[in-house]
Every structure is written in C-alpha cells, then in structure tokens.
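Labels below follow one simple rule: chain letters A, B, ... track the order of the sequence lines, proteins then strands, and each chain is numbered from 1. The model shown is predicted, which means the values in this text are computed figures rather than measured ones.
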Amino acid sequence: MPGIKIEKEDIIPDGQGEDLNELMQVRREKLAELRERGIDPFGQKYVRSNSAREITAGFESFDGREVTVAGRIMAKRVMGKASFAHIQDGSGRIQVYVRLNDLGQEGYDFFLKLDIGDIIGVRGTVFRTRMGEVTVSAAEVTLLSKCLRPLPEKWHGLRDVELRYRQRYVDLIVNPQARDTFVLRSRIIHYMRRFLDRKGFLEVETPMMHPIAGGATARPFITHHNALDMNLYLRIAPELYLKRLLVGGFEKVYEINRNFRNEGISTKHNPEFTMLELYQAYADYGDMMDLTEELISSTAREVLGSTSVVYEGAEINLAPPWKRMTMLEAVKQYTGLDFDGLKEGGAYREAKNLGLEVQPADSWGTILYTVFEEKVEPHLVQPTFIMDFPLEVSPLAKRKKDQPELTYRFELFICGREMANAFSELNDPLDQKARFLKQVEKRKSGDDEAHMMDEDYINALEYGMPPAGGLGIGIDRLVMLLTNSPSIRDVILFPLMKPRD
RNA sequence: GAGCCAUUAGCUCAGUCGGUAGAGCACCUGACUUUUAAUCAGGGUGUCGCUGGUUCGAGUCCAGCAUGGCUCACCA
C-alpha cells in the first residue's frame with residue numbers, strides 16, 4: 001500500500017500480544033524458526049510448468065518428465081523416510097511423493113515441518129504409484145506461503161453456514177461444491193453476455209448513484225456526496241437510464257450489474273443483487289418472451305449440457321416452448337374466478353371469499369394481482385409466462401390496446417418464483433407523466449415504495465422513444481435454479497452479514 | 001419486524017435425571033522409504049455464544065441479549 005510505512009515493531013513474528021490457541025501457537029513457532037533459518041515463509045513468484053489437472057488428465061505425455069506445480073497442502077501422510085502429500089491448485093489436486101534420499105536430511109526435515117494449509121511449489125518427476133495414482137516425485141520443495149491457521153476437517157469440510165458465508169475463502173478452500181457453484185455462476189453470466197453480444201446488443205454501464213431512485217417499486221438505500229453536499233440513492237433499477245439510451249438512438253442495449261434494495265433479507269433476497277436488463281427498439285413483449293425462452297434454455301444447455309434441471313427435488317424442463325397464459329386465464333384456472341366479468345365490488349367480495357386480505361378501496365387490478373400472487377404463483381413450477389398485468393402495478397408498461405386496464409407485461413415463473421419481468425415499454429410521455437403523478441400520490445399517502453417523479457425521464461420521452469421491448473432477469477435466482485442452490489447466499493460470494501460482537 | 005430452532009476443542013459432532021468436559025479429524029512425541037480418510041503407540045489442547053438468575057452444585061433449568069438458520073411479513 002502506498003503511503004504506509006511498515007515499522008519493524010509492527011511485525012509480530014511470534015504472536016506476542018495475541019490470544020492464540022495451541023494449534024496457532026505451534027504454527028507461529030514454526031514461522032519464527034523458518035525466519036531464523038533464513039527461509040522466507042512468504043515467498044516470491046514461482047514459475048509453474050503445469051496445473052494439477054493437466055498432469056493427472058494427460059499422464060501419458062508427462063510420465064517420467066520433470067514438472068513444476070504449486071498449490072496448497074491439503075493432506076500429508078508421513079511414513080518415516082518417505083511421505084505423500086496432496087496439493088490443491090486452481091484446477092484440482094495432485095499427489096506429491098517426497099523421499100529422504102531425494103531431498104537430503106535438511107530438505108526432508110523442512111518438508112516434515114510443513115503444515116496442512118501451507119502453499120508450496122514442487123519440482124519433480126511425474127510417475128504413477130503402485131496404487132495407480134499420478135504423482136510428482138519431488139526433487140525440490142519451496143515454501144510459498146505459510147498457513148498460520150488450521151484448516152477445517154478434511155472429511156466434512158466447513159459445514160457451519162455462518163462461517164461459510166463470513167469466511168468464504170475457507171469455504172472455497174475446503175468445499176469443492178462451493179467452488180463449482182461460483183465457477184458455474186461465472187460461466188452462466190459469461191455465456192449470457194456472449195449470447196446478447198451475438199444478437200447485436202451493446203453492453204452499457206449506467207449510474208449506480210441516482211438523484212432519483214426509479215425503475216422499480218422498492219425502497220432505496222441513501223448515501224451522501226460530501227463535496228456536493230447532496231443525498232443520492234443507490235440504484236434500485238437501471239431501467240430509466242437504459243430507456244434514455246433508446247431515445248438517444250441505441251437500439252439494443254443491456255446491462256448486467258447490481259441493484260440495491262433496502263428491504264428484508266431472506267433465502268431469496270440479498271440487499272444487493274445482480275440483474276440483467278435489456279431493451280430492444282421496435283420490439284414488443286412477445287419478442288421478449290421468445291428471447292427469454294431462448295436465452296435461459298440455451299444457457300442451461302451450454303453450461304449444464306441439458307435443458308432439464310433438478311431443483312430441490314423437482315425436475316424442471318427448460319426446453320422451449322414454455323407455457324404462456326394471461327393473468328386472467330391463470331386466475332380462472334386455479335381459482336375458478338373469472339375476473340373479466342367482475343367490477344371492483346365483485347372482485348373485492350370474491351377475494352374475501354378466498355380468504356385474502358384486501359381492502360374495499362382496492363382497485364380491480366390490485367385485487368386481481370393479489371389473487372394471482374396468493375393463489376396462482378406457487379403452482380407455477382414448470383416455466384410459465386404470465387401475461388397482461390394490471391395497469392396499477394405496472395407504471396412503466398404500455399397499455400393494452402383493447403383492454404386499457406391491463407398492460408403488455410409478462411413475468412416468467414419457475415418453481416413458483418419470479419425469474420423474469422418484461423414489457424412493451426410505455427413510450428407515451430403524457431401517459432407516463434400521469435402514471436408518475438399517480439405514484440407520487442401513493443407516496444404522499446405513505447407508500448414509500450411508490451415511484452418518484454422523474455422529470456428528466458419525461459423530458460427524454462418527449463423527444464420520442466421508439467416502441468420497444470424490455471426485459472429483466474434476476475441473475476442470482478437463475479443461478480440458484482441452475483446450480484440447485486436453496487439459498488441466494490449460496491450463489492453470492494460475500495453475502496451481507498451483520499458484524500459479530 | 002414476528003415465531004420456532006441452533007450456538008460445546010481449530011473443524012465435524014456427542015453430552016443421559018442438574019453431580020469433576022467427551023469422540024473423530026487436526027495438532028504434539030515416537031515407529032514406519034509406494035501411501036491415499038495411511039497405520040501403530042502415547043498426549044486433551046475448552047470463556048460449553050454473552051450477561052444475569054434458581055440451586056449445595058448449571059453445558060444441562062429460567063430470563064434477557066448477540067449471531068446464525070428455517071418459516072412468515074416486505075420484496076425481485
């Protein structure tokens with residue numbers, strides 16, 4: 001770190017002044033002993049000829065050849081004057097064989113002092129043991145980084161979920177499954193980018209700090225800019241900025257980035273989460289359905305090799321085409337209620353009969369949405385598009401031509417969970433302004449999740465935004481589905497945790 | 001925000017009716033030159049989450065607090 005001078009007395013080589021358990025104390029003593037013998041316990045660059053996986057997978061071409069490998073000691077088996085160890089690198093594990101005869105007394109003693117968890121470099125010859133395991137017979141062992149803390153148990157790994165989240169680095173060392181999940185997450189996002197790039201979408205970055213929090217129904221985080229002495233909101237959605245880009249003439253844009261919502265934490269909610277949002281000019285929500293189907297099914301095929309996934313015991317078939325039904329049809333199918341013929345009072349009575357908490361003042365659309373959420377959503381296990389959401393809950397979506405109380409909006413449900421949200425974008429600035437005003441009314445009456453007025457966004461629409469389809473996909477939830485992870489915290493490397501103490 | 005559950009050695013976990021704190025891995029000492037959850041012999045390393053209370057005596061019973069998990073609420 002520049003600007004920070006390290007004084008000699010800042011270095012505590014033997015754990016003085018620290019409350020160390022016996023295991024850590026022993027390792028500090030070994031550290032001090034190494035330094036006394038002139039060995040740097042935290043070494044320099046080490047040139048590796050190969051990864052563990054390259055050698056184990058391609059043994060035939062490595063047999064008898066000298067290689068250099070590096071990794072963390074995960075197991076150590078000492079049998080007197082010869083020893084075995086397993087080291088783990090980014091590709092996997094490989095066994096190392098160490099003999100007194102090869103290393104000499106000093107070198108072999110040095111190896112015996114190494115601990116599980118230490119990171120070492122090994123130069124040696126590849127061979128196969130009597131038991132058939134591809135192994136590097138060491139000619140030289142170099143300590144690259146001393147491990148001062150004992151690793152969790154080799155057989156069970158780290159099970160305590162709290163520790164797994166708080167100390168993800170340990171989780172990643174000892175639980176291969178955790179590692180696999182995050183590799184898969186990376187490949188999923190990488191593939192989605194390639195998919196969209198190939199279709200001519202332009203990846204863009206829009207602000208994370210907003211003077212007005214817009215584009216979603218949610219409570220924002222508030223932060224402060226000192227020099228400008230102004231409060232800013234962390235973004236709850238990039239939507240309004242991305243649509244400004246459509247006004248500006250970009251025709252296909254997307255952003256994969258974080259949103260921040262100041263709400264409860266659960267297995268399905270982290271305060272910061274990753275969304276894909278994309279917008280396509282001259283398209284509509286029908287195009288977005290086709291795109292969603294193609295994107296998610298091809299992602300599964302690409303990273304899992306199959307469009308069939310098992311999530312929490314349920315087999316989910318992601319092969320297109322997916323079921324498409326309107327919200328009115330879905331409510332009718334699962335409750336027998338035909339909202340199409342109901343007025344506000346009738347809708348209220350029927351919802352009450354279903355045992356739902358609704359208010360007499362609630363509008364027809366709000367009640368329809370409530371009935372859908374409560375009575376239909378949990379049944380939507382296989383991928384299902386639910387189309388035509390009520391106007392009141394869709395302030396940024398275009399009205400349906402023939403049913404102005406509904407919008408050209410759909411959500412995708414898988415395993416009873418919302419996976420995607422899309423609509424034909426509202427591009428009428430006057431209608432948009434009226435909808436914002438309605439939201440502002442709701443805000444005034446105490447709904448702090450209602451949208452704020454964004455005058456500049458109206459200004460942009462007044463220049464003319466092409467008709468467009470827009471789509472949002474919750475990446476964390478998609479990764480949960482594709483990795484069979486029960487909690488969103490299993491797919492976020494460092495989920496938010498309360499500090500201890 | 002509410003309810004239920006959990007918290008014991010570095011890790012994974014037992015702990016009976018309230019009566020001196022246990023195991024496996026890891027670690028330490030010794031034996032062992034192709035082992036692989038290496039094996040064999042010996043060694044227990046602890047603020048039983050924290051703070052109080054009940055009791056002759058609390059890991060165990062009670063209350064409060066902290067952190068986490070699950071369910072619900074809010075939400076995506």
Side-chain angles (χ1 to χ4, degrees), chain A residues 19-27 29-30 73-86 93-103 108 112-113 115-117 127-135 137 147-167 170-171 173-175 215-220 236-237 258-277 357 373 377 393 411-413 417-421 447-449 472-478 480 486-490 495 497-501:
Chain A
D19 190 18
L20 300 178
N21 65 49
E22 187 207 332
L23 277 70
M24 287 183 66
Q25 192 58 51
V26 166
R27 289 181 181 224
E29 283 160 12
K30 287 180 178 175
I73 301 175
M74 300 303 289
K76 204 177 147 196
R77 294 177 292 278
V78 178
M79 291 163 306
K81 298 183 179 64
S83 298
F84 287 93
H86 270 100
R93 291 185 184 190
I94 189 163
Q95 184 168 254
V96 174
Y97 181 48
V98 184
R99 293 202 316 160
L100 171 64
N101 291 4
D102 299 334
L103 263 65
Y108 192 68
L112 291 180
K113 283 274 166 87
D115 288 308
I116 289 174
F127 76 112
R128 203 190 276 277
T129 64
R130 202 179 286 161
M131 301 301 288
E133 181 159 354
V134 175
T135 303
S137 180
C147 176
L148 295 178
R149 290 177 179 272
L151 251 40
E153 206 224 0
K154 61 182 169 190
W155 198 241
H156 297 95
L158 189 65
R159 287 282 178 80
D160 185 318
V161 288
E162 186 178 347
L163 283 177
R164 289 186 52 215
Y165 299 151
R166 285 188 193 277
Q167 302 184 28
V170 181
D171 187 32
I173 291 169
V174 298
N175 293 331
T217 308
R219 277 193 295 265
I236 55 175
R258 230 65 66 80
N259 289 343
F260 306 87
R261 298 192 186 173
N262 206 341
E263 277 143 11
I265 295 174
S266 77
T267 47
K268 298 170 197 68
H269 302 85
N270 195 62
E272 53 178 309
F273 62 101
T274 302
M275 282 274 290
L276 160 67
E277 281 204 19
E357 278 195 36
E373 281 187 308
E377 271 191 27
V393 297
E411 285 189 352
L412 167 67
F413 291 89
R417 296 176 189 176
E418 185 193 331
M419 300 291 293
N421 180 19
D447 182 354
D448 55 2
E449 288 178 0
I473 295 178
I475 297 294
D476 310 281
R477 289 184 178 178
L478 180 62
M480 284 169 71
S487 170
I488 198 167
R489 293 179 151 197
D490 296 325
M497 304 289 281
K498 271 192 181 182
R500 300 210 81 164
D501 302 325

Which is true for [X] with a 4.0 Å heavy-atom rule: it touches a base, it touches only sugar-phosphate, or it touches nothing?
X	answer
A:E449	sugar-phosphate
A:E418	sugar-phosphate
A:V174	nothing
A:S83	nothing
A:R27	nothing
A:N101	base
A:M497	sugar-phosphate
A:Y165	sugar-phosphate

Spell out yes or no: do the side chain of [X] and the base of [N] have one donor N/O and one acceptor N/O closer than 3.5 Å?
X	N	answer
A:R77	B:rU35	yes
A:Q95	B:rU35	yes
A:R159	B:rU12	no

Got more than 12 heavy atoms from elsewhere within 6.0 Å of CZ, A:R166? yes
All N/O contacts under 3.5 Å from nucleotides 41-45 of chain B to the protein, with atom names and distances to one decimal?
residue: B:rU45; atom: O4'; partner: A:E22; partner atom: OE1; Å: 3.3

Could you spell out the base pairing of RNA chain B as a dot-bracket line? Use Watson-Crick and G-U wobble contacts where both distances are under 3.5 Å, [ ] for crossing pairs, | for partners on a different strand. (((((((..((((.....[..))))((((((.......))))).)...(((((..]....))))))))))))....
For A:E162 and B:rC11, give me the distance from atom CD to atom C1', rounded to whole Å. 15 Å
Rounding to an integer number of Å, can you tell me how far A:R164 CZ sits from B:rU12 P? 11 Å
Which value, in whole Å, describes the distance between the C1' atoms of nucleotides B:rU45 and B:rG3? 40 Å
For atom P, what is the distance between B:rC70 and B:rC65, given to the nearest Å? 22 Å
Heavy-atom nearest pair, A:V174 first then A:L151, reads CG1-CG, 4.2 Å
